[in-house]
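First the structure, in the form of C-alpha cells, and then the observations on it.
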There are 2 protein chains.
Amino acid sequence: MAEHGRATECGGQSARKDLAAMMVPLGRALMAAELPVLEAHGLAMWAYSVLLHLEDEPVRTQSALAQAIGADKTRIIGVLDDLERRGLILRRPDPADRRARLLSLTPEGRHLRDTVQSAIQHRENQLLARLPAADRRGFLNALRALSALPPEEITGGD
Amino acid sequence: MAEHGRATECGGQSARKDLAAMMVPLGRALMAAELPVLEAHGLAMWAYSVLLHLEDEPVRTQSALAQAIGADKTRIIGVLDDLERRGLILRRPDPADRRARLLSLTPEGRHLRDTVQSAIQHRENQLLARLPAADRRGFLNALRALSALPPEEITGGD
DNA sequence: TATTGTTATACTCTATAACTATA
DNA sequence: TATAGTTATAGAGTATAACAATA
C-alpha cells in the first residue's frame with residue numbers, strides 16, 4: 001500500500017516527500033541557525049564538531065577523530081592547529097607511539113563547548129516547542145535511533 | 001530544565017545531541033542511499049530534484065525553479081539542458097514574456113520520476129519499519145511540519 | 001532601465017599525492 | 001614495510017560577473 005510513491009489519496013501528490021528531500025534542507029537550515037552563535041565565539045563548524053566529539057572520549061589519533069566527524073584527516077589539521085593555539089584542546093604525542101597525537105579538551109575548551117551548545121540547544125528547543133508533545137517525543141526518539149545507526153545500515157541494502 | 005545542554009542525568013553526557021549534528025549526517029546517509037537508484041536511471045541528484053519539483057506545478061521561470069530547490073540559477077542550466085535533450089522536460093518560451101521559459105514534465109519525465117521515487121521510498125520505508133509505530137508517526141509528522149517552515153523561521157530568532 | 005537566460009571566470013571546499021617521522 | 005601526521009597540489013562544486021535578448 002505504501003509501495004507506490006504517488007496518488008494514494010490526495011490526487012497526484014505523493015503520500016509523503018522523500019525523507020532526504022525533507023531532512024537535507026532542514027539540516028541546512030539548522031546549521032545556518034547555529035552559525036551566528038558559533039561566530040560569536042570564534043568557532044567554525046568543523047571546530048565545533050571537533051569540540052563536541054572530544055567530549056565523549058579523548059581520542060587517540062587525528063585520523064580517528066576525522067573519521068568520526070566525517071571529515072578527511074587532512075582537513076582538520078588547520079582546525080586543530082587553531083584550537084590548540086587558543087588553548088581549547090591538548091595535542092600531545094602518545095608516549096607509547098610517538099607518531100600518534102593524543103587529543104583532549106582543556107577545561108577552557110570544555111567550558112566554551114558547553115556555553116555554545118547551551119545556546120544552540122536553547123534555540124532548538126524553541127523550535128521543538130512548536131510541535132505537539134507526542135510528535136516531539138517521537139521525532140527525537142526516531143532521530144536518535146536513526147542517527148545512531150552505522151551509515152551502511154542506511155546506505156546499504158539493509 | 002532543558003536549559004543547560006549538559007549533565008542532566010547521565011553524567012557528563014548531553015541530554016541530547018544537537019539536532020543538526022544528528023540530522024545532517026543522517027541526511028547525507030539518506031542521500032547516499034538514493035545515489036545507486038538515481039544512477040541506475042541516469043539521474044544526478046539535482047536532476048532528480050528538478051523532476052520532483054516540477055510535479056507540484058509547472059514552473060514559469062528557471063530562476064524560480066532554482067530558488068525553490070535551493071540552487072543557484074546558473075547551476076541548473078546544464079541540468080535542464082540534459083533533461084530536455086532526453087525528452088524528460090519541456091522548456092518553451094513563454095508567449096506572454098519571451099524572456100521566460102515555461103518548464104514542465106513530459107509524460108516520460110513523469111513516469112521516470114514516479115519509478116525512481118517509488119524505489120527510493122520503498123527503501124526508506126524499510127528503514128522506517130524498524131521504528132516503533134508511535135515514533136515513526138511522530139517522526140514523520142514533525143519532519144513534515146519542520147521542513148514546511150520557511151527557512152527564516154528556523155534560522156532567524158523566531 | 002530592469003529582468004531572463006546564458007556563458008565565462010573566480011573562488012571555496014574537498015580530496016589526492018608526495019614527504020617526514022616514527023614504528 | 002607500514003602508519004600518523006603534515007604539506008602542496010589538483011579537482012569538484014559553487015557562486016560572481018559580464019553578456020545577449022526581451023520587456
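Excluded from the calculations below are hydrogen atoms, water molecules and symmetry mates; all remaining heavy atoms, backbone and side chain alike, are included.
Rounded to an integer number of Å, the gap from CD1 of A/Ile77 to C1' of C/dT14 is 13 Å. As a whole-Å value, the separation of A/Leu65 CG from D/dA4 C1' is 13 Å. Separating the CZ atom of B/Arg101 from the P atom of C/dT3 is a distance of 18 Å, rounded to the nearest angstrom. Rounded to an integer number of Å, the gap from CG of B/Leu80 to C1' of C/dT6 is 12 Å. Whole-Å rounding puts the B/Lys73 NZ to D/dG13 P distance at 22 Å. Rounded to an integer number of Å, the gap from CG of A/Asp72 to C1' of D/dA4 is 13 Å. Across the protein-nucleic acid pair, B/Arg91 atom CZ and C/dG5 atom C1' stand 9 Å apart, rounded to whole Å. Whole-Å rounding puts the A/Met45 CE to C/dC13 P distance at 12 Å.
For B/Thr74, the side-chain atoms get nearest to C/dT6 when compared with the rest of C/dT6, D/dA4, C/dT4. When distances run from any side-chain atom of B/Trp46 to the nucleotides D/dT7, D/dT14, D/dA15, the shortest one goes to D/dT14. Comparing atom distances between the B/Arg75 side chain and each of D/dA17, D/dT6, D/dT14 picks out D/dT14 as nearest.
Here the closest heavy-atom approach between residue B/Val24 and residue A/Gly27 is recorded as CG2-O, 3.8 Å.
Contact annotation: B/Arg99 side-chain N/O to D/dA21 OP1/OP2 distance is not under 4.0 Å. For D/dG5, the OP1/OP2 oxygens have a side-chain nitrogen or oxygen of A/Ser63 closer than 4.0 Å. Look at A/Arg60 and you won't find any side-chain N or O under 4.0 angstrom from OP1 or OP2 of D/dG5.
Using modelled atom types, one finds a donor on one side chain and an acceptor on the other under 3.5 Å when comparing A/Arg16 with B/Asn125.
No side-chain heavy atom of A/Val50 sits less than 4.5 Å from a side-chain heavy atom of A/Leu88.
With hydrogens and angles ignored, no donor-acceptor pair under 3.5 angstrom links the side chain of A/Arg98 to the base of C/dT22.
In this structure, A/Arg60 pairs ionically with A/Asp94, as a charged nitrogen and a carboxylate oxygen lie closer than 4.0 Å. Look at A/Arg91 and A/Asp81 and you find a salt bridge, because one of the NZ, NE, NH1 or NH2 atoms lies within 4.0 Å of a carboxylate O, short of that distance.
Residue-level contact check: B/Asp97 touches the backbone only, with heavy atoms under 4.0 Å from sugar-phosphate atoms and none from bases.
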